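Worksheet: the structure to be examined is printed underneath.
In each ligand, atom 1 is the first atom listed, and ligand 1 is the first ligand listed. As the structure is a prediction and not an experimental result, all values here were calculated from the model.
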Amino acid sequence: MEVVGSVKRVAGPVVHATGLKANMYDLVLVGKEGLMSEVIGIAGERHIIQVYEDTSGVKPGEPVKETGGPLVAQLGPGILTTIYDGIQRPLPLLAEKSGDFVSRGLFVDGIDHKKKWEFIPVVKKGDIVKPGQSLGLVQEQLLIKHKIMVPPRHKGGTVKEIYSGNFTVDETVCELEDGSKLTMLQKWPIRVPRPVNKKLPPSIPLRSGQRVIDGFFPLAKGGTAAIPGGFGTGKTVMQQTLSKFAEVDVVIFVGCGERGNEMADLLHEFPELIDPKTGRPLMERSIVYANTSNMPVAAREASVYTGITTAEYYRDMGYDTMLTADSTSRWAEAMRELASRLEEMPGEEGFPAYLSARLADFYERSGRVQTLGGEEGSVSIIGAVSPPGGDFTEPVTQNTLRITKVFWGLDTRLTQRRHFPSINWLESYSLYEQDLEPWFTENVDADWVKNKRRAMAILQENAELEEIVMLVGSDALPEEQQLTLEVARMIINYWLAQSAFHPVDSTATFKKQFDLLASLLKYRDYAFDALAKGVPIDTIKSTPSKDALAKIKLEEDYVPVLQNVLAQMDAEFKAMK
Ligand code: ADP
Ligand code: MG
């Protein structure tokens, strides 16, 4: 029998109701319009409910209906390419059904239940199948074969019948001896992590194509990173660049915009991004969750969970997935708003005391894993943080940094100098460095680690020297130190700086990153040698081959060009005696 309770009190997105039997996090429908809502507290007779839609007009005495379960994501072919709101309602469909504004009480399926997909079985009658195991494949998009799996909580069994052909997600594709009928649709509660066999160590880098990241502060496959930065420091550009170039199969972009136009930009820009792997729209292997400021705060709070659930689902097929959230500050603000409606004791700056636990639970869903089906997959999470006034001491930034293993701190001073990416190379860090060094040494170059340390030491010394230069000017420095300043300038401008918009330089292979840095260090060694032999510093600094090093990064086929420049450099320094 359907349980119906009644509204007692309405406080913005939070409703109190009595007469319900629902559990925590169950989905309930509030009011005459049946607004989608979630139970977030139970206090005696009272259920405390957050409503995903605008509650204006809802009055005490209106009904609250139970649905018998939690808010779930619908998982199956057709998720890719879709732009959703925070509770997995496809935005284009919502707009179609309700005009420009999302009307209330509108239930829309997360995926198309009418569309037929060609299912190609990979098991046969008599096979024993386990949870997570693949039953068959659907070519969902050019690069993505969608594995139709036995759901994680299903017990599996012996295949009695397996079909092939075109099916909707609701039609049976496999029957088991025990009578269970499996379809291409899974439903999963968004707040519960999907199970895996085991977590694997973060020992493989997630190539981003960005030199300052891969070279200095690398992310591991299945790792977590935070990008804090004030307004205009490049958070959004960085996340879009990573979406395009990071070596992942599936991209999940969760946009939590504060100003309406930020989201409008996202909805306009993301579908325009071209996938460098295919030359076709990046959307073909992406899922976008868009929250605008006029969407209810509870849906914004839910969006990161909906997003991470879909990331885990594709991971379970054996894919590398990456979720970027822009920005998690807006998500934390949604939590703060809900907490204040719940009249909870506020913590630091009004954020709820559980802010840090929620952030931790979210980032905890990352990881490189062995899936239930025995494959290797990963979920990497990159969260932008937009601290008010660019002040990193505020609670969201601080709590995030305690959890994530990589910190790419965006620096307003670098932005002002138009140095991009504006990742501060002195303050940022990656706690995966040691886990990843063996991989780089084995797979790119034995000198990867040594060169990186040398470059970082030069930049460190540069920072110290710059302070002196500010006081006394560079001419007062000994010539060795003047040369160090020059080499640091080259590392900063020729190597760390990388335009997100240049057709070639927007991404670089590990090998190119390495070769470029090695050539700068080679110049350094020649230069110090020459200086020791008494060559005047001006002669060293005006070596023509040095300036040629500036342009190598812009060359697609850089190897022969670099070889020429290095040969020229060799000749020039030999001639200097
Ligand atoms: P935020 O999201 O932090 O407010 P944006 O990502 O919108 O900032 O970046 C602001 C501007 O900075 C961009 O419009 C672009 O002009 C410039 N920018 C940021 N990152 C890069 C980059 N890697 N290469 C070139 N320009 C960049
Ligand atoms: Mg932005």
Side-chain angles (χ1 to χ4, degrees), residues 207-217 219 225-246 251 253-270 272-274 276 282 288-293 300 303-304 307 323-334 382-392 394 396-397 400 407-425 427-428 491-508 512-513 516 550 553-554:
R207 193 182 75 216
S208 72
Q210 312 306 301
R211 289 181 289 269
V212 60
I213 292 179
D214 298 340
F216 276 5
F217 315 111
L219 181 61
I227 318 183
F231 179 76
T233 48
K235 298 179 293 295
T236 302
V237 171
M238 177 54 80
Q239 291 196 315
Q240 291 190 357
T241 308
L242 293 173
S243 299
K244 266 171 85 172
F245 296 112
V251 173
F253 199 101
V254 181
C256 303
E258 188 172 42
R259 291 165 301 278
N261 64 337
E262 264 182 24
M263 268 314 105
D265 286 350
L266 170 70
L267 297 182
H268 170 74
E269 281 166 19
F270 205 95
E272 303 268 293
L273 296 181
I274 295 299
L282 183 64
V288 173
Y289 295 89
N291 297 283
T292 59
S293 51
R300 201 192 307 164
S303 65
V304 299
L323 180 145
T324 62
D326 186 17
S327 99
T328 56
S329 298
R330 303 283 99 80
W331 174 48
E333 282 155 20
I382 297 164
V385 189
S386 35
D391 169 15
F392 290 1
E394 60 85 44
V396 183
T397 313
T400 303
F407 167 53
W408 298 320
L410 302 186
D411 188 332
T412 314
R413 283 162 304 176
L414 292 175
T415 314
Q416 282 159 356
R417 276 158 42 189
R418 307 290 305 157
H419 174 97
F420 292 111
S422 66
I423 294 177
N424 181 309
W425 52 83
E427 283 162 18
S428 300
I491 295 175
I492 293 166
N493 295 334
Y494 304 172
W495 195 75
L496 289 173
Q498 188 170 2
S499 168
F501 306 113
H502 190 276
V504 172
D505 196 34
S506 49
T507 185
K512 184 174 180 184
Q513 301 182 24
L516 205 52
K553 63 179 176 181
L554 308 180

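Regarding atom 16 (O) of ligand 1, its nearest protein heavy-atom neighbour is Arg418 NH2, 3.9 Å. Counting only heavy atoms of the protein, atom 17 (C) of ligand 1 lies nearest to Phe420 CZ, 3.4 Å. The shortest contact between atom 8 (O) of ligand 1 and any protein heavy atom is with Gly234 N, 3.0 Å.
Under the 3.5 Å distance criterion, the side-chain polar atoms of Glu272 are left unmatched by any main-chain donor or acceptor of Leu267. Side chain of Trp495 to main chain of Leu516: no donor-acceptor pair is present (N/O by atom type, distance under 3.5 Å, no hydrogens or angles). Under a 3.5 Å cut-off, the side chain of Asp411 and the backbone N or O of Ser422 do not form any donor-acceptor pair. Judged by distance alone, with hydrogens and angles left aside, the side-chain atoms of Ser428 form a donor-acceptor pair with the main-chain N or O of Gly409 at under 3.5 Å. When atom types are taken as modelled, the side chain of Gln513 and the backbone of Ala508 share a donor-acceptor pair closer than 3.5 angstrom. Checking side-chain atoms of Asp214 against main-chain N and O of Arg207 turns up no donor-acceptor pair under 3.5 Å.
In terms of polar-atom proximity, defined here as any N/O pair under 3.5 Å, Gly232 does make such a contact with ligand 1. For Thr233, a nitrogen or oxygen atom sits less than 3.5 Å from a nitrogen or oxygen atom of ligand 1, counting backbone and side chain alike. For ligand 1, the polar-atom distance check finds an N/O of Ala500 within less than 3.5 Å of one of the ligand's N/O atoms. Residue contacts with ligand 1: Val237 is placed with a nitrogen or oxygen under 3.5 Å of a nitrogen or oxygen of the ligand (distance criterion only).
Look at Gln240 and you'll find every heavy atom at least 4.0 Å from all atoms of ligand 1. The closest approach between Ser422 and ligand 1 stays at or above 4.0 Å for every heavy atom of the residue.
One of the N, O or S atoms belonging to Thr236 lies under 2.8 Å away from the Mg ion (ligand 2).
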Please step through side chain to side chain contact (heavy atoms under 4.5 Å, CB included) for the pair Val251 and Phe270, ending with a clear verdict.
CA-CA 11 Å; Val251 173; Phe270 205 95; 4.1 Å; yes

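Salt-bridge annotation for Arg211 and Asp505: present, with a side-chain N of the basic residue lying under 4.0 Å from a carboxylate O of the acidic one.
Between Ile227 and the choices Thr400, Leu410, Thr328, Thr324, the side chain to side chain contact (heavy atoms under 4.5 Å, CB included) rule is met once, by Leu410. Checking each of Val385, Asp326, Val304, Val396 against Trp331 for a side chain to side chain contact (heavy atoms under 4.5 Å, CB included) leaves exactly one that passes, namely Val304.
If you look at Met238 next to ligand 1, there are no close heavy atoms at all, none under 4.0 Å.
Ligand-side atoms of ligand 1 in range of Thr236: 2 (O), 6 (O), range being under 4.0 angstrom from any heavy atom. For ligand 1, the atoms sitting less than 4.0 Å from at least one non-hydrogen atom of Phe501 are 25 (C), 26 (N), 27 (C), numbered in the order shown with element in parentheses. The distance from ligand 1 to the heavy atoms of Gly230 drops below 4.0 Å at these ligand atoms: 3 (O). Taking a cut-off of under 4.0 Å to the non-hydrogen atoms of Ser499, the atoms of ligand 1 that pass are 24 (N).
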